[in-house]
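These notes are about the structure you will find just below.
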Amino acid sequence: MDFLQSRLLPLLTLLLSSLLFFYFNNISKPSHIGCSLVPYNHYWITSKRIVTPQGVISGAVEVKGEYITSVVNGEDWRGSVKKEQVIDHGEAVVMPGLIDVHAHLDDPGRTEWEGFPSGTKSAAAGGITTLIDMPLNSFPSTVSEETLKLKIEAAEEKIYIDVGFWGGLVPENAFNASMLEGLLSAGALGLKSFMCPSGINDFPMTNASHIKEGLSVLAKYKRPLLVHSEIQQDLESNSGLKDGIDDVRSYSTYLKSRPSSWEEAAIRELLTVTKDTRAGGPAEGAHLHIVHLSDASSSLDLIKGAKSSGDSITVETCPHYLAFSAEEIPDGDTRFKCAPPIRDAANREKLWEALLEGQIDMLSSDHSPSVPELKLFDEGDFLRAWGGISSLQFVLPVTWSYGRKYGVTLEQLVSWWSERPAKLSGQELKGAIAVGKHADIVVWEPEIEFDLDENYPVYHKHPSISAYMGTRLSGKVLATFVRGNLVFKEGHHAPAACGTPILAR
Ligand SMILES: NC(=O)N[C@H]1NC(=O)NC1=O
Ligand SMILES: [Zn+2]
Ligand SMILES: [Zn+2]
């Protein structure tokens, strides 16, 4: 008995724990309970259309734990693979998950507008695997280390995909380097500021000197500043707007109230400080990113010029500027109200051209919902309604559906929605189907069409406020994987929210 206790028992325990260790690290290891809809942590995703940096291949992506461990062109992966470890997607497209660098999930503080659970469920259902949340529309705004902590706490166990956070650059912190450094050291991936009123009281606008200060701090951290680039201009007497007597239900009234000269003026002003970001300049290492460009004329020319002078600058536009045109927006339909506004069809054409030619670097949703009441549907008042488009779940099919007539390729989708957004947000492990990257993957069928009607499962908190409802789209998301977890499959989400908050180090 003594012998048993002193020698054999420890040995048996050791043997048993080794066996258990082996078992749980083996292919049969179940994923963390509820995080994934597949019961393995080692499997192969196969398809005839896998979009890799080397082109579209027919083959397999091997996933082990959170990572892609091999990408095989052809049939060579078959060898020792068990049937139950293969998730075959036939001819569906297997692509890196989308990275949305611009969304407002309004959590904490305005969860009645959206919130992390519904926002990230919508994102997962739309093939988005990473989202960077904006610092405003939540309450309080994310402008300090303390308020960033509140964001991170709010996200805990409530996010179905990975979520990073932009901090806010506002007059309160712009000249306070230690406050900005506190925010950046606590993990904000970069900063965001407005050059016009943001519509949110605790997020005031910044001018060029605030932005210059912000860039000098960001240079040290090698992180970007994202800017809402519109500066309010006095409306010229020839603007066509007549004080108070224009029809507030007419979209053209709103469009005239926010002309492209506002964007142009902001960008002109920004370029006086982006010079600092050039090699050898005082803010080398910082980067300026212009969000949601709508004006495809003078503003774009200015950006093109700055890029060729070596300024560290990029620009995004959003699917709504590529899908809609001012001419077709019905009277009183404030679902289409956003800032900067959707412009005419000729401008939309030029935006597509700029995107296809690479002058516009990437796309983002600028998903900016509110409660339906703030859209003032009864009055249909374009001047007073909340400005913001709800689109998170639809950005992939929208880009594809409206881009097909321009011959958009799968590789272009990946560049605009994954590769470049990964670079902007500093996510080296994301944005491509390649060995060593996170297994963040969307599987979708470009050829399947569907009607966005009341029968379609939309996970936004307020589906009715989306301007896409009632349209027919092409491109159905079948499955979404985040770091190896199958988080969405054909109308079902994983039971547990296992996305991680992404903090810059
Ligand atoms: N506060 C806020 O989300 N504003 C956004 N809405 C919009 O249409 N443009 C924006 O910048
Ligand atoms: Zn904006
Ligand atoms: Zn925004």
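Counting starts at 1 for both ligands and their atoms, in listed order. All figures in this text were calculated on a predicted structure; none of them were measured in a lab.
At a heavy-atom distance under 4.0 Å, no atom of W113 approaches ligand 1. Residue contacts with ligand 1 for H292 involve side-chain atoms from C-beta outward but no N, CA, C or O (heavy atoms, distance under 4.0 Å). With a heavy-atom cut-off of 4.0 Å, V291 does not touch ligand 1 at all.
Under the 3.5 Å distance criterion, with hydrogens and angles disregarded, no donor-acceptor pair is assigned to the side chains of T277 and T274. D107 and S138 share no donor-acceptor pair across their side chains, judged by distance under 3.5 Å alone. No hydrogens or angles considered: nothing links the side chains of Q427 and S425 as a donor-acceptor pair under 3.5 Å. For the 3.5 Å distance criterion, the side chains of Y406 and E349 qualify, holding a donor opposite an acceptor. In the model, T314 has no side-chain atom that pairs as donor or acceptor with a side-chain atom of D361 under 3.5 Å. A donor-acceptor pair shorter than 3.5 Å cannot be found between the side chains of E114 and H104.
Among the atoms of H102, an N, O or S atom is found under 2.8 Å from the Zn ion (ligand 3). Distance check for H104 against the Zn ion (ligand 3): an N/O/S atom falls below 2.8 Å.
Ligand 1 places these atoms under 4.0 Å from at least one heavy atom of F194: 11 (O). Every atom of ligand 1 with a heavy atom of C338 under 4.0 Å away is listed here by number and element: 8 (O). Applying the 4.0 Å criterion to heavy atoms of L136 picks out, from ligand 1, the atoms 1 (N). Distances below 4.0 Å separate heavy atoms of N137 from the following atoms of ligand 1: 1 (N), 2 (C), 3 (O).
Figure legend: R110 and W113 shown as a cation-pi pair, the cationic atom lying under 6.0 angstrom from the six-membered ring centre and within 45 degrees of its axis.
Under a 4.0 Å N-O distance rule, the pair K461/D106 does not qualify as a salt bridge.
Among P369, S198, S368, P197, the residue whose heavy atom lies closest to atom 5 (C) of ligand 1 is S368.
Looking only at N/O/S atoms, H292 comes nearest to the Zn ion (ligand 2) through NE2. The atom of D366 that is an N, O or S and sits closest to the Zn ion (ligand 3) is OD1. Counting just the N/O/S atoms of H228, the one with the shortest distance to the Zn ion (ligand 2) is named ND1.
Counting heavy-atom neighbours within 6.0 Å of E357 CD, excluding the residue itself, gives a total above 12.
Not close to ligand 1: G199, with no non-hydrogen atom less than 4.0 angstrom away.
With respect to atom 11 (O) of ligand 1, the closest heavy atom belonging to the protein is H228 ND1, 3.0 Å. Scanning all protein heavy atoms for the shortest distance to atom 8 (O) of ligand 1 gives A339 N, 2.8 Å. Of the protein's non-hydrogen atoms, the one nearest atom 6 (N) of ligand 1 is G387 O, 2.9 Å.
Closest approach of Y468 and L452 over heavy atoms only: O-CD1, 3.5 Å. Minimum heavy-atom separation, V163 to T120: CG2-CG2, 3.8 Å.
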